[in-house]
Protein chains: 2
Amino acid sequence: MTRQPPPDEAAWLASYDPGRFPPFAVTVDMVLLTVRHGTFSVLLVERDTHPFRGDLALPGGFVLPDEDLDAAAVRRLERETGVRRDAAHVEQLGAFGAPDRDPRMRVVSVAYLVFAPDLEAPSPGEGTRSVSWFAVDEVDGVSLAFDHGQVLAAGVERARAKLEYTPLAAAFVGPEFTVGELRRVYEAVWGHPLDPRNFHRKVTGTPDFLVPVGHPAPVGPGGGRPAALFRRGPATALRPAMLRPS
Amino acid sequence: MTRQPPPDEAAWLASYDPGRFPPFAVTVDMVLLTVRHGTFSVLLVERDTHPFRGDLALPGGFVLPDEDLDAAAVRRLERETGVRRDAAHVEQLGAFGAPDRDPRMRVVSVAYLVFAPDLEAPSPGEGTRSVSWFAVDEVDGVSLAFDHGQVLAAGVERARAKLEYTPLAAAFVGPEFTVGELRRVYEAVWGHPLDPRNFHRKVTGTPDFLVPVGHPAPVGPGGGRPAALFRRGPATALRPAMLRPS
DNA sequence: CGAATAGTGTCTCTCAGACAATATTGC
DNA sequence: GCAATATTGTCTGAGAGACACTATTCG
């Protein structure tokens, strides 16, 4: 039983030369999220070259011919932002490949989602004028280069959902943290205040989420009882989930 | 998202050489899942050409130069399996692009996950010897072409997780179905028996999950009380989730 | 002491797991 | 009637939201 190729595909196949293939380029783009000063923020660059010169964009770039996708993402992360791989959570967000997303040529972008602790201001890479943090809420509505608005929206929604059923909020803080710091991460990402007492019960009651470190944290500027310090435990999921307030 | 380039950019584009960027081929691969005869199953093809000739593989193929990724996936779905887009659930699973995943050239594959009702045996496309359903459990451990073993595993795990917190199990059955049919989908995908009474309470108690159709279903071969028929409701999530039995 | 933050305890309601009992069919 | 499936109901324990109360620090 042989299938009859449709005209468009047949035409393409007829002109297909095994030594060549359709001119696709592959890039990685990063949705690098953090919580700084209590604000859920994303790292954006200002483009210094065409196309979209002067517009804000997600950091990213072309994948090298022999480079793994994940490796390309981590390389850009370390080079352009100074975040080390093991200090952050990195996962693939998905592929974005509308035919007209880049006016230069056909480009498929593989987007990565990164959760990082608060960082010093990173330094610009090539082709970018500046690189800095923006509050996620402020960027909402601003038009970004390429389809980066869509990519960012997908990353933000995924981040919000992941806090519900994974312990990944800990990727937004340092290696040692208090329950209050963790709660402020949830509040910033979700944009909702949470009850400190119920939150404390949930996170300390979930097995393997938090491992006590033994000594207390230094007291903050406003006074108050010193909080216990924790490290991330080996838990990989929150079951049942901690649902976002409606 | 069409954009008018400024004059200077247009000039720059005219002199632009696409060959400066590393060349990639882009394919789509489909993890097409269904439940047939009570068994969670995946559609696989036997390859008839190099590389991996004779091995089992996920159906898929090259993305055309001007084709959207989703469109490429849906096109292959309809052509090679006869599933119509609106009869199934289609979502992107992710990109797979290890440098050595295809011995011929550098290929990035964008995998799609499809939930479909039970279908007649589809017909093979070009480059494939045969196409048929395999029980997911039987394929586990069999070595598939390329990195399709990994892709399949990711799709299966995503499917199992999605049943927990979405109403997508309904994509595995026809437009009208009974609570028992829906329960058997869950049982097949999760590989665990569920309590019919508790299941009934959960799905009928979740607002907008099921819409009663009014008339009952015909009685099955073994007799038994006729079940009420339902259609999928507008709900998009199950909150709280229906967790898999540990 | 008062303000601020951390942490414990209590009450109530929702919901999931276990399972009894009833309803409606084919044979 | 009996076997099979559907559906309703009941009991119980885990867990989440609301919130009182205690603990420990700074100024």
Side-chain angles (χ1 to χ4, degrees), chain A residues 38 163-165 167 173 176-188 190 192-230 235 237-246, chain B residues 38 163-165 167 173 176-188 190 192-230 235 237-246:
Chain A
L163 292 207
E164 292 196 312
Y165 60 96
V173 294
E176 297 191 349
F177 53 90
T178 69
V179 172
E181 287 166 359
L182 196 63
R183 177 171 47 82
R184 283 183 283 272
V185 166
Y186 275 89
E187 292 174 333
W190 286 347
H192 273 284
L194 297 177
D195 185 291
R197 299 154 294 183
N198 293 336
F199 182 86
H200 190 281
R201 181 183 53 192
K202 175 68 177 177
V203 297
T204 58
T206 299
D208 296 328
F209 188 172
L210 300 182
V211 178
V213 125
H215 56 97
V219 176
R225 173 175 170 177
L229 277 174
F230 296 87
L238 259 53
R239 286 169 69 91
M242 171 159 39
L243 297 182
R244 287 175 258 192
S246 45
Chain B
L163 292 207
E164 293 196 311
Y165 61 95
V173 294
E176 296 191 349
F177 52 90
T178 68
V179 172
E181 287 166 359
L182 196 63
R183 176 171 48 82
R184 283 183 283 275
V185 166
Y186 274 90
E187 291 175 333
W190 287 347
H192 272 284
L194 297 177
D195 185 291
R197 299 156 294 186
N198 293 336
F199 182 85
H200 190 283
R201 182 184 51 193
K202 176 67 178 178
V203 296
T204 58
T206 299
D208 296 328
F209 188 172
L210 301 182
V211 179
V213 124
H215 55 97
V219 175
R225 172 175 172 177
L229 277 176
F230 296 87
L238 259 53
R239 286 167 70 91
M242 173 159 36
L243 296 183
R244 287 176 257 192
S246 51

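Side-chain atoms are counted along with the backbone in the values below, which use heavy atoms only and exclude waters and symmetry mates. Chain letters run A, B, ... following the sequence lines, proteins first and then strands; every chain starts at 1.
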Could you give the CG-to-C1' distance, from B:N198 to D:dT8, as a whole number of Å?
12 Å

Looking only at side-chain atoms of A:D195, point me to the closest of C:dG17, C:dT24, D:dC19.
D:dC19

For C:dG17, does OP1 or OP2 lie under 4.0 Å from any side-chain N or O of B:R197?
no

Quickly work out the B:F177 CZ to D:dT5 P distance and round it to whole Å.
20 Å

Check the distance between C:dT5's P and A:L182's CG and give it to me in whole angstrom.
17 Å

Check the distance between C:dA16's C1' and B:R244's CZ and give it to me in whole angstrom.
17 Å

Working to the nearest 0.5 angstrom, can you tell me the gap between A:D208 CG and A:L238 CG?
11.5 Å

Just checking B:R239: base, sugar-phosphate only, or nothing, at a heavy-atom cut-off of under 4.0 Å?
nothing

Rounded distance in Å - CG (A:L194) to C1' (D:dG17)
12 Å

Among the nucleotides C:dT5, D:dA16, C:dC19, which one has an atom lying closest to any side-chain atom of A:K202?
D:dA16

No-H, no-angle donor-acceptor pair, B:R201 side chain to C:dG17 base, under 3.5 Å
yes

Out of D:dT8, C:dG7, D:dG15, minimum distance to the side chain of B:H200 belongs to D:dT8

Within this structure, what is the CZ-to-C1' distance between B:F230 and D:dT7, rounded to whole angstrom?
10 Å

Looking at five pairs on each end of the helix from C:dC1-D:dG27 to C:dC27-D:dG1, what is the angle between the two axes, given to 10 degrees?
0°

CG of B:L243 to OH of B:Y165: how many Å apart, nearest 0.5 Å?
12.0 Å

What's the shortest heavy-atom distance between A:P167 and A:A237, and which atoms?
CD-N, 3.9 Å

Of the nucleotides D:dA18, D:dA6, C:dC19, which has the atom closest to the B:A227 side chain?
D:dA6

Looking for any heavy atom pair under 4.0 Å, which part of the strands does B:P240 touch: base, sugar-phosphate only, or nothing?
sugar-phosphate

Measure CZ/A:F199 against C1'/C:dG9 and give the value in whole Å, please.
19 Å

Can you tell me if A:R225 touches the phosphate of D:dC26, counting only side-chain N or O atoms and a distance under 4.0 Å to OP1 or OP2?
no

Of B:L243 and B:G224, the one whose closest nucleotide on DNA chain C sits nearer the 5' end is B:L243

Nearest heavy-atom pair of B:G224 and B:V219: which atoms, and what distance?
O-CG1, 3.3 Å

Relative to the 5' end of DNA chain D, which residue comes earlier, A:P226 or A:M242, by the nucleotide with the nearest heavy atom?
A:M242

Once side chain to side chain contact (heavy atoms under 4.5 Å, CB included) is applied, do any residues pair with A:V213, and if so which ones, sequence neighbours excluded?
A:E176, A:H215, A:L229, A:R231

Base, sugar-phosphate, or nothing: which does A:P196 touch, judged by heavy atoms less than 4.0 Å apart?
nothing

Distance, nearest 0.5 Å, that separates CG of B:L194 from CZ of B:R244
12.0 Å

Side chain to side chain contact (heavy atoms under 4.5 Å, CB included) for B:V179 and B:L210? Distances and angles first, verdict last.
CA-CA 9 Å; B:V179 172; B:L210 301 182; 4.2 Å; yes

Contact between B:M242 and B:K202 at the side-chain level, heavy atoms closer than 4.5 Å - yes or no?
yes

Measure from OH on A:Y165 to C1' on D:dG15 and round the result to the nearest Å.
21 Å

